[in-house]
Amino acid sequence: MVYDTHALAAPPSPASTGTPLVEVRDLSVEFVSRESTTRAVNGVSFSLAPGEVLCIIGESGSGKSVTMRALMKLHPAKHTRISGYMRVADHEVSAHSEREMRDIRGSHISMIFQEPMTSLDPVYRIGDQIAETVVHHKKCSRADGYARALELLKLVGVPSPERRLKAYPHELSGGLRQRAMIAVALSCSPTLLLADEPTTALDATVQIQVLVLLRRLQQELGMAVIFVTHDLSVAAQIADKVAVMYAGRIVEYGSVADVLQHPAHPYTQGMLASTVSGHMRGQIIEAIPGSPPDMRVRIEGCSFVPRCKSVKPACRRGTPALVDVLQGHQAACANFV
Amino acid sequence: MKPMAERDFANPLPINTADRGGRQQPMLLVQSLKKHFPVKSGLLQRQKGAVRAVDNISFSVLKGETLGIVGESGCGKSTLARLLMHLITADACTLVFDGDPVSEIRGITLRDLRKNMQMVFQDSYSSLNPRLPIRNTIAYGPVVHGMAKSDAERLANDLLNRVGLRSEIYGARYPHELSGGQKQRVNIARALALTPRVLILDEAVSALDKSVEAQVLNLLNELKRDFNLTYLFISHDLNVVQYISDRVLVMYLGQVVEIGPVEEIYGNPRHPYTRALLQSRLSMNPAERVTEPPIGGDPPNPINPPSGCRFRTRCIFAEGVCEASQPTLDAVTGDRHPAACHMTDPMSGHTKAAA
Amino acid sequence: MSVASLSDLSAAPPTEKLPPVRGYWASVGNRLRYDYLTIFFLSVIAIIVVLAILAPLIAPFDPTKSHMAYRLKPPGFRNFMLGTDELGRDMLSRLLWGGRTSLLMGIFPVLLATLVGGSLGVAAGFMGGRTNTFIMRTMDVVFAFPSVLLAVAISGTLGGGAKNGMLALTLVFIPSICRVAESATTQVRGLDFVEAARASGGSTLSIVRTHILGNVLGPVFIFASSLISVSILLGSGLSFLGLGVEPPTPDWGLMLSTLRAGIYTQPLLCALPGAAIFITSLSFNLVSDGLRQAMDVKA
Amino acid sequence: MWYYAARRILMSIPIALGVSVICYTLVLLSPGDPIQALLPPDATPEEVAFLKRAYGFDKPIPVQYFYWLMRAISGDLGISLQTNRPVFTEVMGALSNTIVISVGAVLLAFSLAFALGTIAAYNAGRPADKIATGIAVVGVSIPNYWLGIVLVIIFAVNLGLLPASGMGTKGSTNFDIFDWEQARYAILPILTMSFVPLGIIMRTTRSAIAEILNQDFVQMLRAKGLGPLAVLRHATRNALPQVLTVMGLQLGYLVGGSILVETIFAWPGTGFLMSKAILTRDVPMLQGAILLLAVTFVTINLLVDLLQTAVDPRIKRA
């Protein structure tokens with residue numbers, strides 16, 4: 001195996017100019033139905049420099065995907081209440097109308113999904129699905145769109161791309177489908193790529209191919225990436241910064257090395273401890289007891305209290321805010337206040 | 001990390017102690033297991049090929065061990081589990097359970113086999129009957145095997161408590177009211193209700209969140225010791241398999257490519273596929289990033305697989321001999337860590353074959 | 001560790017408050033309670049059924065007695081609240097009595113067809129293989145007739161009458177119910193919990209009873225409920241063609257057919273039995289839709 | 001794909017055979033002796049026996065069926081008891097009239113239903129959806145034999161705009177739908193007939209498109225920046241195979257089930273023919289009409305299935 005120890009030191013990029021590419025302040029997302037209100041995201045704030053990779057880590061229902069979809073305003077307006085400030089480059093997403101968002105989606109911000117099988121339209125050819133995006137945003141001819149599609153398939157490393165342009169999604173293998181979806185997302189050279197667990201549904205030997213590809217493309221194209229995953233080791237492979245989410249809040253934030261190697265929040269510590277590896281053989285895993293809270297119920301105080309091993313009276317009083325543990329490494333835990 | 005603790009229980013549950021052949025007798029002996037699903041096409045739907053889901057597999061499971069089975073999607077590991085449970089009929093197979101051949105005139109009947117061998121399915125929406133309270137789901141097996149209804153329900157309550165679900169709270173609940181981890185505990189309790197000696201766990205923790213996965217793995221370890229169980233643990237997660245298994249079997253496209261003790265497989269893999277699989281594991285250390293994928297491409301379609309060695313299309317060491325002849329697993333007899341690769345057989349003619 | 005172990009194992013912290021246990025049918029009922037449209041039409045059906053049952057007690061006249069002097073009179077004429085038909089019979093009484101036949105024609109064939117088609121479908125779905133092929137191909141042949149044509153063909157060749165009409169409708173509905181039951185069964189049969197039941201050594205009969213039926217009855221029930229309205233329409237249609245109920249038995253379809261002659265003089269009279277059919281059929285359709293929505297609970 | 005098409009055609013042969021068996025059985029079950037209908041009431045036993053032999057009624061039933069089938073395949077469906085003309089020519093003549101109004105009704109219903117269904121699905125839960133689904137449920141609940149009468153009362157009796165029944169003076173032999181004088185006669189039957197398929201096609205369209213709009217790839221389409229029209233284009237393209245199947249079935253139902261509407265409008269199609277045959281107990285005519293209509297239905301379904309393989313790339317099994 002080849003390790004690239006320089007990868008970490010890599011991107012100083014345009015980040016040095018100072019203004020972050022993405023700014024999210026106090027984002028909340030609620031899903032309203034007749035029976036209940038699900039508070040999926042509760043006051044999330046973060047920022048991201050151009051060319052930087054942020055991994056949002058969390059278990060199912062932690063609000064990580066919801067946060068990302070909110071950035072693109074993909075939630076159905078009818079049952080969703082979104083509040084807070086969101087900005088990507090010079091687009092104030094939170095103030096944009098649906099019509100304005102349509103120009104941004106797929107061009108400035110694009111997204112790749114977990115299941116390539118169900119995320120591509122089954123009755124359109126791969127080439128059509130890529131060219132369609134190019135034609136829509138660049139207002140170019142269909143022929144130019146196809147030329148661009150071919151170029152993109154080559155870029156994402158699809159073998160015999162001419163033939164694949166005419167293929168339907170069900171005629172491709174899982175890895176190729178995921179590459180085709182990446183090609184769709186990159187078709188208009190976005191400045192921000194949102195990736196929703198893009199490697200989770202893939203086999204181990206294919207997952208690593210896609211991860212390496214994504215990292216190469218991210219560096220070559222200088223994109224910023226928000227990468228959602230539940231897998232800490234995937235984050236270790238691709239992230240510059242890491243945000244750990246629990247029950248709709250960011251509970252820890254910092255550089256990937258800080259968070260994974262010196263976790264501060266009890267939840268992050270628990271996650272790391274319960275991630276199985278071979279040298280734990282014959283030992284009991286220090287699992288986090290219980291299960292994540294029901295997001296339909298409003299909780300007083302820190303939502304991790306029922307599962308936490310170091311609870312103080314202060315924990316039940318109010319929701320802890322993110323505070324610096326070290327320079328650039330923050331955690332939301334009463335133990336650090 | 002704490003050592004495993006000895007515990008005693010409020011509810012001593014029955015443990016199946018029907019050991020026939022003694023410690024040395026393998027619990028399960030599988031020989032030449034084969035299952036091809038026909039692929040029909042053309043005007044008259046003639047058989048044009050076959051998905052070689054499980055193609056001539058032999059292995060044994062020792063008493064009290066955990067045999068891990070790893071492989072990528074489509075390698076036939078789930079088919080293998082269903083074949084062992086006789087949920088689908090094999091094309092060819094000799095199965096010996098603790099010295100008794102299965103389904104033969106003088107051997108153990110299918111009904112008795114199923115009493116002794118149970119299966120835990122992957123947690124999915126379909127693993128539990130949505131119209132049945134979970135207590136009834138667990139009690140179903142014992143009732144079928146002639147236990148009185150009230151006794152079966154008492155047993156179900158004991159089992160629920162044993163897997164960490166308080167029966168008075170959860171017994172009457174329906175599956176949609178439970179979380180993924182809780183459902184998986186019910187699945188385990190259901191499998192235990194017939195006091196089996198062998199549990200086949202088919203991706204039993206794969207769909208769970210990491211923190212819940214850890215809880216269930218702990219539970220499985222405890223149950224194994226307390227109920228004197230033998231596990232067949234099927235998973236695609238190499239870390240979990242390494243944690244729980246005593247021996248590991250690696251599958252590729254319906255065949256076993258390597259089998260051996262866990263430290264041997266992980267410490268000294270002999271088959272190039274096993275090596276690639278191990279290298280595809282991601283490190284938790286951000287300083288150790290993979291820059292070059294260990295192998296390219298997807299696993300090929302199991303319909304009409306490549307000739308010779310099935311891995312040769314993705315193998316960097318492939319030579320003429322790999323296309324011409326199929327490597328066998330028992331190249332070196334008596335080996336406790338055989339691999340189906342020409343490079344491990346000095347007589348194969350592969351240039352890299354160990355002398 | 002030994003003390004903490006059990007609480008560590010527990011999947012839910014003891015503080016967690018759990019909602020009350022609610023079975024599938026209870027939650028369906030709960031959802032229906034807030035579906036006012038369905039409740040409204042359910043009560044319309046209830047009223048129609050009650051009126052039909054009470055017809056002998058509340059009908060003001062004998063529905064078959066002609067008043068030859070008062071033919072085709074408008075509603076409100078003398079004591080005839082809804083007028084009289086072409087033979088001078090009281091419309092209101094005939095409508096009330098006609099409801100009995102129409103409802104019977106609507107419900108009975110569906111019930112019988114559900115019983116027969118449902119069992120065939122479950123059998124075909126669970127056995128699979130040759131049994132499935134045999135049953136389903138036979139159904140395909142019956143299915144190759146448009147329903148109206150088949151109903152007309154059967155009662156046309158066997159001769160009219162309410163009995164033959166109901167037999168015809170039953171035969172018309174069997175294949176479609178059988179298909180629904182078969183596909184639902186095939187779907188359930190492949191699910192893991194059925195595999196698990198087989199792995200526990202359950203016999204075919206016990207698996208079907210415990211694990212299959214509970215999951216198949218829902219879709220079959222929804223589908224059958226939507227057929228009641230079709231059955232009412234078809235049954236009245238047969239009577240309209242002279243193939244269903246025989247005169248002078250009052251029936252909405254038959255009334256419509258005989259009153260057609262009077263559309264130039266008393267168009268409103270002709271509209272009445274049709275409106276009765278329409279309202280009944282509409283109510284059954286909407287209730288069936290409401291049921292479908294209420295039963296569509298993701299497990 | 002060609003293999004699939006050929007297989008599909010082969011598969012419809014046993015179905016057509018089954019259909020013929022049912023038609024034959026129906027006549028066997030029908031009360032009364034078929035010989036009786038052909039004979040004068042005062043026929044001698046010798047005459048009866050002679051006719052039985054002549055018609056093959058003395059042979060075992062499977063043999064009789066075989067003879068009958070052979071005759072049917074060659075287009076000989078017997079002679080109508082009422083008109084004394086060959087059943088085949090009578091039914092085929094009527095069939096073309098039935099097809100005129102059926103196709104008219106399906107085209108009308110389909111265009112309206114597909115549009116309404118799409119709008120309803122896109123606005124699921126909003127007023128537009130409720131109105132559209134309301135129309136659909138009325139369409140499937142309304143007895144069309146009554147609707148026909150109501151339309152006649154309004155447009156023919158009260159307003160006098162359209163003819164109440166029949167096919168006009170030029171008759172049924174060479175009907176020209178593009179001639180307004182004749183087309184007027186088809187309007188009310190087509191309108192009446194289109195209600196049921198309107199409701200059913202709309203429900204299907206709505207549920208198919210609503211289901212597709214819930215699928216993952218629609219999120220992806222929106223994430224690509226496509227607007228509602230482009231998203232709907234993808235959705236309708238995905239829903240088309242399913243909707244086409246239902247449309248084909250409806251066309252078949254109309255051709256085969258037009259008996260009520262044709263009776264009301266005295267439209268000289270197959271349904272009207274059957275209706276008369278029932279009244280006069282003209283069994284050969286009834287049997288022939290049923291057989292031909294069922295075969296037409298099977299053929300329409302076959303054609304729709306073949307069309308479906310052409311529009312759905314997922315059906316491509318070699």
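Below, chains carry the letters A, B, ... as their sequence lines are ordered, and counting in each starts from 1.
- In this structure, OG1 on B:Thr137 lies 6.5 Å from NE2 on C:His211, to the nearest 0.5 angstrom.
- Note that OG of B:Ser126 and CD of C:Glu195 are 9.0 Å apart. Values are rounded to the nearest 0.5 Å.
- Contact annotation for C:Ile207: both backbone and side-chain heavy atoms come within less than 4.5 Å of a heavy atom of chain B.
- In terms of heavy atoms, C:Ala199 sits closest to B:Arg114 at O-CB, 3.2 Å.
- Put simply, CZ on B:Arg82 and CG on C:Asp192 are 5.5 Å apart, with the number rounded to the nearest 0.5 Å.
- Atom CG of residue B:Leu128 and atom CZ of residue C:Phe193 lie 9.0 Å apart, to the nearest 0.5 angstrom.
- Between chain C and the residues B:Leu113, B:Val144, B:Leu87, the largest count of heavy-atom pairs under 4.5 Å involves B:Leu87.
- More than 12 heavy atoms of other shown residues, nucleotides or ligands fall within 6.0 angstrom of atom CZ in B:Phe37.
- Residue with the most contacts toward chain C among B:Gln122, B:Met119, B:Arg111, B:Gln118: B:Gln118 (heavy-atom pairs, distance under 4.5 Å).
- Rounded to the nearest 0.5 Å, atoms CZ (B:Arg131) and CG (C:Leu213) are 12.0 Å apart.
- Counting all heavy atoms, side chain and backbone alike, C:Thr210 lies closest to B:Leu132 at CG2-CD2, 4.0 Å.
- Chain B forms more heavy-atom pairs under 4.5 Å with one residue of C:Ala196, C:Gly218, C:Gly201 than with any other, namely C:Ala196.
- A donor-acceptor contact shorter than 3.5 Å is absent between the side chain of B:Arg190 and the backbone of C:Ala197.
- A distance-only check finds a donor-acceptor pair linking the side chain of B:His145 to the backbone of C:Ser200 [under 3.5 Å].
- In this structure, C:Met127 places its CE atom where only 12 or fewer heavy-atom neighbours from other residues, nucleotides or ligands lie under 6.0 Å away.
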